[in-house]
Amino acid sequence: MPIGAVIEFTNITKRFGNVTAVDDLSFSVEPGRVTGFLGPNGAGKTTTLRMLLGLVGPSSGTATFGGLRYHDLPHPLATVGAALEAASFHPGRTARNHLAIYATAAGLPRTRVAEVLHLVGLADHGSRRVGGYSLGMRQRLGLACTLLGNPGVLVLDEPINGLDPEGIKWIRGFLRDMAAEGRTVLVSSHLLGEVQQSVDDVIIIAQGRLVHRGPLSSLEMQVAPQVVVDSPDRAALANALTRAGVDFSQGRTGLLATAADPARIGHIAFTAGVEVSALHRQKKGLEDAFLALVDGGDSR
Amino acid sequence: MLLRAIRAEFAKLLTTRIWWVLAVVLFGYIAVLSGGLAALFAGIESGAIDPRAAGTGPPGTPPLGSLPPLVYSFASSVGYVFPVLLGALATTGEFRHQTLTPTFLANPRRVQVLGAKTITLFLAGGAFGAVALLASVGVGALVINAFGVDTLLGGGATWALIGRTLAAMALWASIGVGLGVLVPSQVASIVIVLAFTQFVEPLLRFASMFTSATAGIGKFLPGAASDALVGASIFTVAGPVGGVAAALDWWQGGLVLLGYAAAATIGGYFVSWRRDVT
């Protein structure tokens with residue numbers, strides 16, 4: 001079973017002329033976990049990943065796998081599998097030939113080609129020209145390419161883009177399985193909601209700078225939790241909350257109580273004798289926290 | 001490691017359709033030209049075609065120097081544009097279809113990849129040379145023989161020409177690789193290849209023959225160097241009347257072509273190949 005290496009970014013910076021696309025980023029990505037690399041479009045995610053993979057030269061700083069730069073890896077494809085956003089295929093080539101070329105270039109056995117096509121569910125389409133593939137099939141072919149060397153590290157740029165619901169479900173399971181096997185999995189996305197169900201850790205950048213890093217749960221603490229509560233007699237409920245000293249605002253589906261947990265709100269309503277028709281924790285918390293962090297970066 | 005890279009480059013070349021499409025067109029084009037002109041010239045030489053109709057001297061006089069080498073040399077003097085295109089498409093295709101990303105992921109040693117591509121296309125260019133010779137020598141000799149003129153296929157000089165044609169075509173494909181890294185835009189590259197080989201260079205070569213000073217420069221043009229390497233060409237006999245025919249020795253011509261390939265490839269490495277892949 002492949003062992004995942006730690007990905008380490010150290011003060012990595014990329015300037016294009018006067019524009020600083022990536023600004024002094026430092027963070028590490030651990031094996032055995034799925035790490036989401038998040039930020040709005042143009043935040044510098046793709047540039048950062050391309051620097052990690054040696055495709056773009058950093059202006060300063062380093063990015064390494066277990067201490068080695070990509071260029072210095074003795075067997076790159078057997079160490080790192082990367083799928084970048086761009087559709088990097090010759091449309092006139094079949095999927096099987098596409099994979100065979102890079103297996104040959106990396107010195108991997110040709111038998112891996114059929115194996116990885118099977119792994120990503122393209123076994124029946126390997127002899128078709130890639131030009132006729134749907135976006136979802138291209139994403140799967142990109143993933144097949146990453147798996148050629150059975151690497152311990154996976155770097156995937158926006159892998160969920162363009163997938164249908166079935167594909168999304170499949171890739172979520174795929175990411176979890178890869179991490180469970182001990183691999184290092186780094187997945188970028190511009191939507192937290194896209195990866196929220198699969199990631200353990202998040203790294204959030206905006207305007208090329210790191211704005212947050214930590215477990216997914218650490219994001220929730222960034223915003224005050226909210227509870228939605230409603231009653232057939234909304235005025236009575238509002239009175240009860242005011243008397244209990246709970247801050248709240250009027251929402252479309254009920255009252256939004258800040259800094260509260262649902263049990264306490266339920267208790268207040270019960271003791272006040274107000275019938276409750278809805279009572280739940282606001283689920284937008286994570287996305288709000290994400291947007292707040294990212295906006296903070298924008299306004300700088 | 002280099003061998004692996006070369007095998008991967010061969011796989012790239014052979015898994016799309018362009019190589020055989022170009023090879024088929026190359027064969028057809030050279031076969032028609034060589035066969036047609038062989039028929040015309042051999043017809044005049046043998047007296048089957050009235051020289052007055054063709055506007056040349058009395059029957060029996062070779063119209064344009066020795067006929068067979070001229071016909072055989074169509075393989076490179078006219079066919080050289082095909083290996084250049086093959087080489088240019090092999091590199092510009094990597095930029096156009098963004099396959100540089102998986103290429104450099106599989107092998108981050110970029111100098112090695114470019115070297116492997118050059119070697120691969122050099123060999124493929126030689127193969128194109130064989131296809132072109134099959135047309136020019138194969139069809140040309142058949143036609144020449146049909147008119148009862150000596151095909152010269154028994155002579156060592158002819159086989160030396162054939163060998164040097166293979167070398168010239170191989171070098172032309174390497175020049176194509178160099179051009180592709182120098183001008184990574186596929187459309188621009190193709191336009192440059194076609195405009196230069198079909199229009200600009202023939203014109204420059206023709207014009208340079210008017211004075212000995214310009215002829216000394218004109219012989220270093222890539223097409224002139226290629227013809228010098230091969231040893232015969234329709235261009236050297238079709239110069240202006242009373243013009244100065246200057247040509248390099250065959251080995252000098254080979255070195256000049258090699259120089260063009262090396263200069264373009266090394267220049268292109270710095271212009272595009274080692275740059276960021278975004």
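FYI, side chains are in, hydrogens and waters are out, and symmetry mates aren't considered; it's all heavy atoms of this structure. Order of the sequence lines sets the chain letters (A, B, ...), proteins ahead of strands, with each chain counted from 1.
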If you count heavy-atom pairs under 4.5 Å with chain A, which of Ile18(B), Leu3(B), Leu14(B), Thr16(B) comes out on top? Thr16(B)
Distance-minimising heavy-atom pair for Tyr70(A) and Phe104(B): CE2-O, 4.1 Å
Can you tell me how far the CZ atom of Arg17(B) sits from the CZ atom of Arg129(A), to the nearest 0.5 Å? 3.5 Å
NE2 on His98(A) to NZ on Lys12(B), rounded to 0.5 Å: 10.0 Å
For the CH2 atom on Trp170(A), are there more than 12 heavy atoms of other groups (residues, nucleotides or ligands in this structure) within a distance under 6.0 Å? yes
I'd like to know whether CZ of Arg110(A) has more than 12 heavy-atom contacts from other residues, nucleotides or ligands below 6.0 angstrom. no
Compute whether any side-chain donor of one residue and acceptor of the other, for Arg93(A) and Thr15(B), lie under 3.5 angstrom apart. yes
Which atom pair, heavy atoms only, marks the closest approach of Ile101(A) to Ala11(B)? CG1-CB, 3.7 Å
In terms of heavy-atom pairs under 4.5 Å with chain B, which of Gly92(A), Ala82(A), Cys145(A), Pro91(A) leads? Pro91(A)
By a 4.5 Å heavy-atom criterion (distance strictly below it), what part of Arg7(B) contacts chain A: side chain, backbone, both, or neither? both
Given Gly142(A), Gly57(A), Ala103(A), Gly149(A), the one with more heavy-atom pairs under 4.5 angstrom with chain B than any other is Gly57(A)
Would a 4.5 Å heavy-atom cut-off, applied to side chains only, mark Leu55(A) and Leu105(B) as touching? yes
Got a second to check how far Thr104(A)'s OG1 is from Ile6(B)'s CD1, nearest 0.5 Å? 13.0 Å
By number, which residues in residues 107-132 of chain B have some heavy atom less than 4.5 Å away from chain A? Pro108(B), Arg109(B), Arg110(B)
In short, Ala8(B) meets Ala105(A) closest at the heavy-atom pair CB-CB, 3.6 Å
Checking an interface table here. Which of residues 265-278 of chain B come within a heavy-atom distance under 4.5 Å of chain A? Arg275(B), Asp276(B), Val277(B), Thr278(B)
Gap between atom NE2 of His90(A) and atom CD of Glu94(B) - 0.5 Å precision: 9.5 Å
What part of Leu73(A) is in contact with chain B, defined as an atom under 4.5 angstrom from a non-hydrogen atom: side chain, backbone, both or neither? backbone
